[in-house]
Amino acid sequence: MEQRKHWWNGKWGRLARKDVYLRVSGDQWYVEQRAGGSDGASHFFEFNSEDAALDLVRSLLNGPDEWRELSVRPPVR
């Protein structure tokens with residue numbers, strides 16, 4: 001699975017931090033919505049197209065938080 005994008009709401013701390021990840025594996029696209037940092041709770045969504053996955057990402061990033069796109073690390077080879 002390859003991570004394509006990562007967004008962060010810019011807040012620190014277990015109670016405030018939120019992350020959204022866009023990943024792809026073959027023809028399947030995945031969105032992870034995480035609250036609480038690396039040890040937080042995640043919700044996973046699976047899509048058949050990038051457009052459908054990005055529609056969900058846009059809706060998750062909509063709101064009062066100031067979301068920042070973080071750079072994705074290149075895959076380890």
Side-chain angles (χ1 to χ4, degrees):
M1 186 172 299
E2 178 185 346
Q3 184 171 306
R4 291 287 179 93
K5 301 271 185 177
H6 176 197
W7 295 267
W8 167 50
N9 69 340
K11 297 181 181 176
W12 296 97
R14 207 171 48 113
L15 298 176
R17 183 177 179 127
K18 296 178 188 174
D19 295 271
V20 174
Y21 300 90
L22 176 66
R23 298 183 177 110
V24 64
S25 179
D27 292 337
Q28 291 299 115
W29 289 84
Y30 302 89
V31 175
E32 177 185 356
Q33 178 186 28
R34 184 186 298 166
S38 62
D39 294 329
S42 291
H43 296 279
F44 297 91
F45 306 89
E46 187 174 336
F47 299 92
N48 292 323
S49 73
E50 181 181 14
D51 288 339
L54 287 170
D55 285 345
L56 176 63
V57 167
R58 282 189 283 275
S59 70
L60 293 174
L61 301 183
N62 190 15
D65 288 324
E66 293 185 28
W67 290 91
R68 305 170 189 186
E69 186 175 337
L70 302 176
S71 53
V72 176
R73 295 182 192 139
V76 177
R77 296 189 189 230

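Each residue takes its place number in the sequence, starting with 1.
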Side chains of R17 and W12, heavy atoms from C-beta outward: is any pair under 4.5 Å?
yes
Does R4 have any salt bridge (charged side-chain N to carboxylate O under 4.0 Å, His left out) partners at least two apart in sequence or in another chain, and if so, which?
E2
Listing request: all salt bridge (Lys or Arg N to Asp or Glu O under 4.0 Å) pairs with a residue in residues 39-55, at least two apart in sequence or in separate chains.
D55-R58
Output all residues satisfying side-chain contact (heavy atoms from CB on, under 4.5 Å) with L56, sequence neighbours left out; order by chain, then residue number.
V31, F45, F47, S59, L60
By side-chain contact (heavy atoms from CB on, under 4.5 Å), which residues pair with S71, not counting sequence neighbours?
none
Closest contact, heavy atoms only, E32 versus R23
OE1-NH1, 2.5 Å
With a 3.5 Å distance limit and no angle check, can you tell me whether S25 reaches the backbone of Q28 through a side-chain donor-acceptor pair?
no
According to the ring pair (Phe, Tyr, Trp, His ring centres under 6.0 Å) rule, which pairs have a member within residues 13-36, sequence neighbours left out?
H6-Y21
Using side-chain contact (heavy atoms from CB on, under 4.5 Å) as the criterion, list what pairs up with E69, not counting sequence neighbours.
K5, W7
Residue pair N9 / E66, side-chain heavy-atom distance below 4.5 Å:
no
With rounding to the nearest 0.5 angstrom, report the CD to CG distance, Q3 to L22.
8.5 Å
